Amino acid sequence: MHPPEASLRLKVERGALEHNWRALDRLSGNAVAGAAVKANCYGLGAGRCLPALHEAGCRSFFVAHWSEVEATIAHVPAQQVSVLHGPLRDEDVAYAKATGVVPVINSLTQARRWTMSGGGICHLMIDTGINRLGLSPHDLGDPLISNLQVDVVMSHLANADEDSPFNAQQLEAFRACVPQVPHQRCSLANSAGIALGSEFAFDLTRPGLALYGGIPRPELAQELHQVAHLEAAIIQTRVLKPGDRVGYNGEYVAERQITVGTISLGYADGLLRSRGPGTALQQGTAKLPILGKVSMDMVVVDLSAAPHLKEGDWLEVPFNLPNAAQQSALSQYELLTTLGARWGGAI
């Protein structure tokens with residue numbers, strides 16, 4: 001027996017996702033756009049997003065963890081998939097060779113591990129100032145690096161979403177590193193980096209957030225479409241009397257008699273408590289403010305603007321990423337990747 005319909009619905013608008021990839025590919029100039037599809041396509045679902053991205057023309061996909069490979073290669077060819085965290089263990093090397101995915105080498109230790117296994121095509125990450133993963137520039141002359149079969153030599157921008165002089169510094173640092181490594185292609189720009197101009201694009205760009213409707217820089221605002229649309233069901237209605245309190249710690253106290261709805265949506269579904277104050281769910285043009293604290297699985301809203309609503313009816317959850325980020329002080333990345341696993345089928 002199939003389970004009943006979920007009380008949360010997520011629609012990934014395939015046409016918008018395809019549009020966004022094509023727009024970012026065009027804005028990449030002479031470079032080709034890939035796609036960061038880590039964290040389950042930023043929370044929107046590999047099964048929903050990968051076929052659309054591949055259909056749009058994407059041929060380079062980036063995940064972070066080896067545990068993400070299986071869900072990715074179920075939808076796109078393994079040789080088009082790269083693992084950013086690289087081969088930490090011998091088991092990772094064996095898995096890369098068995099599946100055909102491409103590891104990103106981040107250190108001399110990883111380079112040695114890959115070479116000792118017989119090597120093969122890999123990518124190489126160089127740290128140009130973000131100080132996360134990546135080979136230090138002073139290690140590029142090591143024979144371990146010259147022996148690698150590097151397809152893409154890459155780095156990652158730290159401040160691309162800002163007008164920072166560090167962007168130009170990283171660009172120059174990357175340019176200085178590239179001639180030291182035998183390679184086929186170069187890659188530096190993420191979503192925000194694409195908006196910095198063609199000199200950051202090189203051969204391959206790696207957009208992530210912008211694919212899924214995020215706006216990392218204002219220059220992209222008119223180019224990208226909202227991809228994710230969320231709805232949650234009303235699971236109970238009740239009438240509050242003056243003085244009645246709502247939720248944990250009774251932070252909301254009714255000043256008059258009002259009808260409220262308990263909604264099947266909480267911080268386990270990505271509506272974090274920081275999004276509660278000032279946020280309203282919607283039904284058409286009616287705005288239904290959240291009352292009190294967000295719980296793990298439920299939130300309570302004021303139904304005064306839509307008194308006809310009843311149990312089982314659906315409400316829209318605002319998910320314009322720039323607007324929600326501004327309202328909640330959460331980053332657009334956090335809004336996407338904290339959605340949780342309970343979102344059901346398409347609206």
Side-chain angles (χ1 to χ4, degrees), residues 7-11 42-44 161-162 209-210 212-218 220-221 224-311 313-340 342-343 347:
S7 53
L8 293 171
R9 300 196 297 202
L10 164 63
K11 176 185 178 182
Y42 283 49
L44 298 187
D161 57 346
E162 302 173 335
L209 177 72
Y212 310 108
I215 311 295
R217 288 186 63 93
L220 297 176
L224 304 173
H225 295 171
Q226 182 173 340
V227 171
H229 301 268
L230 311 179
E231 287 190 349
I234 300 173
I235 53 177
Q236 190 175 61
T237 63
R238 67 185 341 114
V239 176
L240 300 185
K241 305 183 300 296
D244 283 348
R245 296 175 179 270
V246 172
Y248 288 120
N249 307 116
E251 288 194 356
Y252 174 81
V253 182
E255 297 179 355
R256 57 183 174 82
Q257 180 171 302
I258 59 170
T259 301
V260 299
T262 301
I263 314 304
S264 180
L265 171 69
Y267 55 75
D269 312 301
L271 191 79
L272 303 185
R273 282 189 171 175
S274 60
R275 283 199 72 192
T279 294
L281 306 191
Q282 294 177 228
Q283 217 276 339
T285 58
K287 295 187 181 300
L288 312 171
I290 291 176
L291 306 177
K293 283 185 176 178
V294 176
S295 300
M296 182 183 291
D297 317 299
M298 291 172 283
V299 70
V300 176
V301 301
D302 182 351
L303 296 179
S304 298
H308 62 284
L309 291 174
K310 61 187 183 304
E311 294 171 6
D313 286 342
W314 292 91
L315 303 183
E316 302 162 40
V317 182
F319 209 62
N320 176 283
L321 291 169
N323 291 349
Q326 186 175 34
Q327 180 271 327
S328 65
L330 293 167
S331 74
Q332 296 177 63
Y333 301 89
E334 291 170 302
L335 289 165
L336 279 167
T337 58
T338 58
L339 279 174
R342 297 193 295 201
W343 292 92
I347 297 169

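None of the values given here were measured: they were computed from a predicted structure.
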| request: To the nearest 0.5 Å, tell me how far His229 NE2 sits from Glu316 CD. | output: 10.0 Å

| query | Would Leu309 and Leu315 count as a side chain to side chain contact (heavy atoms under 4.5 Å, CB included) if you check the C-alpha gap in whole Å, the side-chain angles of each, and the deciding distance to 0.1 Å? | reply | CA-CA 9 Å; Leu309 291 174; Leu315 303 183; 3.6 Å; yes

| said: Are the side chains of Leu272 and Ser328 in contact, using a 4.5 Å heavy-atom criterion? | reply: no

| Going by heavy atoms in the side chains, are Pro318 and Lys287 under 4.5 Å from each other? | no

| query | Any side-chain heavy atom of Val260 sitting closer than 4.5 Å to one from Thr237? | reply | no

| query | Quick one: is the NZ or CZ of Arg9 closer than 6.0 Å to the six-membered ring centre of Trp314, and within 45° of its axis? | reply | yes

| said: Side chains of Gln332 and Pro216, heavy atoms from C-beta outward: is any pair under 4.5 Å? | reply: no

| message | Nearest 0.5 angstrom please: Asp297 CG to Ser264 OG, how far? | response | 7.5 Å

| said: Tell me every residue that passes side-chain contact (heavy atoms from CB on, under 4.5 Å) with Ala221, counting only those two or more places apart in sequence or in another chain. | reply: Ile215

| request: Look up atom CG in Leu303 and atom CG in Leu291, then write down how far apart they are to the nearest 0.5 Å. | output: 9.0 Å

| task | To the nearest 0.5 angstrom, please state how far the CH2 atom of Trp343 sits from the NZ atom of Lys11. | result | 15.0 Å

| task | Measure the shortest side-chain to side-chain distance between Ser274 and Leu330 over non-hydrogen atoms and say whether it is less than 4.5 angstrom. | result | yes

| query | Are Leu335 and Arg275 close enough that some pair of their side-chain heavy atoms sits under 4.5 Å apart? | reply | yes

| query | So which heavy atom on Gly214 is nearest to which on Leu321, and how close? | reply | N-CD1, 3.6 Å

| 4.5 Å side-chain heavy-atom contact, Leu336 and Leu209 | yes

| task | Please list, chain by chain and in numerical order, all residues satisfying salt bridge (charged side-chain N to carboxylate O under 4.0 Å, His left out) with Arg238, sequence neighbours excluded. | result | none

| said: On a heavy-atom basis, which atom in Leu44 and which in Ala228 lie closest, and how many Å separate them? | reply: CD2-CB, 3.7 Å

| field | Student check: side-chain heavy atoms of Phe319 and Leu339 closer than 4.5 Å | value | yes

| remark: Rounded to the nearest 0.5 Å, the CD1 atom of Ile234 sits from the CG atom of Leu288 at a distance of 7.5 Å

| How close do Pro277 and Arg273 get, heavy atom to heavy atom, and via which atoms? | CD-O, 3.4 Å

| message | Keeping Asp269 on the side-chain end and Gly266 on the backbone end, is there a donor-acceptor pair under 3.5 Å? | response | yes

| said: Measuring from atom CE of Met298 to atom CD1 of Ile235, what distance do you get when rounded to the nearest 0.5 angstrom? | reply: 6.0 Å

| request: Identify the heavy atoms of Ala286 and Ala305 that sit nearest to each other, and give their distance. | output: CB-O, 3.7 Å

| Partner set under salt bridge (charged side-chain N to carboxylate O under 4.0 Å, His left out) for Glu251, not counting sequence neighbours | Lys293

| Given the rule in the side chain to side chain contact (heavy atoms under 4.5 Å, CB included) test, do Ile290 and Val300 qualify, once you have shown the distances and angles that lead to the verdict? | CA-CA 6 Å; Ile290 291 176; Val300 176; over 6 Å; no

| message | Can you give me the closest heavy-atom contact between Ile258 and Ser304, atom names plus distance? | response | CG2-OG, 4.0 Å

| Set of salt bridge (charged side-chain N to carboxylate O under 4.0 Å, His left out) partners for Lys310, sequence neighbours left out | Asp313

| said: Tell me every residue that passes side-chain contact (heavy atoms from CB on, under 4.5 Å) with Ala232, counting only those two or more places apart in sequence or in another chain. | reply: Leu8, Ile263, Leu265, Val317

| query | Residues in side-chain hydrogen bond (donor to acceptor under 3.5 Å, both in side chains) with Gln226, at least two apart? | reply | none

| message | Is it the case that atom CD in Gln326 sees more than 12 heavy atoms from other parts of the structure closer than 6.0 Å? | response | no

